[in-house]
Amino acid sequence: DPDLTFHEDPLRMLRAARIADELHFSIEPETLRAVERNAERLSIVSEERVRDEFFKLLATPTPSVGLWLLYGTRLLDQFLPEISALAGVEEVFGYKHKDNLSHTFAVVDNLAAFSPNPLLRYAGLLHDVAKPATKKFIQGRGWTFDMHEHVGKKMAKDINRRLRLSTSDSIYVCKLIRWHLQPIALMDDGITDSAVRRLIVTMEDMLSDLLMLCRSDITTGNQ
């Protein structure tokens, strides 16, 4: 009985998504419905155990498979509602923005092709977390998300605290989020060598990870 199993051990719901991802299995429909019915039971599991199981999912070859399962069954809402909030597209005067949830999951998959580091993939998952809070439609510019890297850094710090990340891991994630737009900005005409050097000095040994994040953030045809 999947309902009884998930009621007694809610962490198995996260584990089911991770195993389906790892082994390229689909979850039996009634079991999937049982996950959705029991999703709120995840709240009785410690944040550390949820985090550890979730990072195992992020370490799979194609994390988006498991991430979509978590989103579809509302499991993601139980510990990362800020990511679920990225879903959806708005339209004003015929202008639409991209679906930031699909984009984010694609970024995580791109990072998986570059690096086995689940913490870097987690940073990719959170890199646009502030877009719903900063989203505006401005006539003449279209949809904007100004300062989302700064707001995202603050939101990530709170999320990291909730998931009981270590101080060093939280600093790493927040720093990547804060600077994830900078390498693209440095491609503009008129950028000086000193601006490039400042980024190198700021990021230190995290520069390679930042560049992997920026490369993975390109999910459209605009290379």
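Every heavy atom of this structure was used, including side-chain atoms; hydrogens, water molecules and symmetry mates were not. Residues: numbered from 1 along the sequence shown.
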(request) List the steps and the verdict of salt bridge (Lys or Arg N to Asp or Glu O under 4.0 Å) for Arg162 and Glu47. (result) CA-CA 7 Å; Arg162 187 172 73 226; Glu47 292 85 354; over 6 Å; no
(request) Dump the intermediate steps for salt bridge (Lys or Arg N to Asp or Glu O under 4.0 Å) on Arg18 and Glu22, then the final yes or no. (result) CA-CA 6 Å; Arg18 188 251 301 173; Glu22 283 182 336; 3.3 Å; yes
(request) Might you work through the salt bridge (Lys or Arg N to Asp or Glu O under 4.0 Å) test for Glu36 and Arg33, ending with a clear yes or no? (result) CA-CA 5 Å; Glu36 187 170 1; Arg33 287 190 287 271; over 6 Å; no
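Asp169 has its side chain out of reach of Asn160: every pair of non-hydrogen atoms, C-beta onward, lies at least 4.5 Å apart. Side-chain contact between Gln78 and Arg41 is absent, with no heavy-atom pair separated by less than 4.5 Å. Looking only at side-chain heavy atoms (C-beta outward), Asp146 and Thr134 stay at 4.5 Å or farther from each other. Contact check for Tyr172 versus Met206: side-chain heavy atoms found under the 4.5 Å cut-off. Taking the side chain as every heavy atom from C-beta outward, Arg215 and Met212 never approach each other to under 4.5 Å. Under the 4.5 Å side-chain criterion, counting only non-hydrogen atoms from C-beta, Phe105 is in contact with Leu125. Contact annotation: the side chain of Phe54 never approaches that of Leu163 to less than 4.5 Å [non-hydrogen atoms, C-beta and beyond]. Looking at Trp68 and Leu101, their side chains come closer than 4.5 Å, going by heavy atoms from C-beta outward.
Between atom CG of residue Leu76 and atom CD1 of residue Ile83 there is a gap of 7.0 Å, rounded to the nearest 0.5 Å. The OG1 atom of Thr73 sits 12.0 Å away from atom CZ of Arg37, with the distance rounded to the nearest 0.5 Å. Going from atom OG of Ser170 over to atom CD1 of Ile159 covers 10.0 Å, rounded to the nearest 0.5 Å. Going from atom OG1 of Thr60 over to atom CD1 of Ile19 covers 11.5 Å, rounded to the nearest 0.5 Å.
A pairwise comparison of heavy atoms in Ala106 and Thr219 identifies CB-CG2, 3.9 Å as the closest pair. The two residues His148 and Leu181 have their closest heavy-atom pair at CE1-CD1, 3.7 Å. Considering every non-hydrogen atom in both Phe145 and Lys131, the closest pair reads CD2-O, 3.5 Å. Considering all non-hydrogen atoms of both residues, Val107 and Leu213 come closest at CG1-CD1, 4.2 Å. Of all the heavy atoms in Asp77 and Ser84, the pair that sits closest is OD1-OG, 2.5 Å. Pairing each heavy atom of Ala156 with each of Leu126, the nearest pair is CB-CD2, 3.9 Å.
By the side-chain hydrogen bond (donor to acceptor under 3.5 Å, both in side chains) test, Arg74 is found to be paired with no residue, residues two or more places apart in sequence or in another chain being considered. By the side-chain hydrogen bond (donor to acceptor under 3.5 Å, both in side chains) test, Asp109 is found to be paired with Ser64, residues two or more places apart in sequence or in another chain being considered.
Ile44 and Leu80 fall within the same hydrophobic cluster, where Ile, Leu, Val, Met, Phe, Trp and Tyr residues are linked whenever their side-chain heavy atoms come under 4.5 Å apart, directly or through other members. Note: the hydrophobic cluster containing Leu176 does not contain Met147 (ILVMFWY, side chain heavy atoms under 4.5 Å, direct or indirect links). Note on Leu120 and Leu207: same hydrophobic cluster, where clusters join Ile, Leu, Val, Met, Phe, Trp and Tyr whose side-chain heavy atoms are under 4.5 Å apart, directly or indirectly. One hydrophobic cluster, built from ILVMFWY side chains closer than 4.5 Å, cannot hold both Val65 and Phe114; they sit in different ones.
Applying side chain to side chain contact (heavy atoms under 4.5 Å, CB included) to Met13 and the options Thr5, Leu69, Val45, Asn38 leaves one that passes, Asn38.
Here the side chain of Thr202 pairs a donor or acceptor atom with the backbone of Arg198 at under 3.5 angstrom.
Using cut-offs of 30° and 60° for the angle between ring planes, the Tyr122 and Phe55 rings count as tilted.
Counting non-hydrogen atoms of neighbouring residues, nucleotides and ligands closer than 6.0 angstrom, the NE2 atom of His103 exceeds 12 such neighbours. For CD of Glu40, the number of neighbouring non-hydrogen atoms (other residues, nucleotides, ligands) closer than 6.0 Å is 12 at most. Heavy-atom neighbours of Lys135 NZ from other residues, nucleotides or ligands within 6.0 Å: above the threshold of 12.
Side-chain contact annotation: Asp217 with His127, donor-acceptor N/O pair under 3.5 Å present. No side-chain N or O of Asp128 forms a donor-acceptor pair with one of Thr104 less than 3.5 Å apart.
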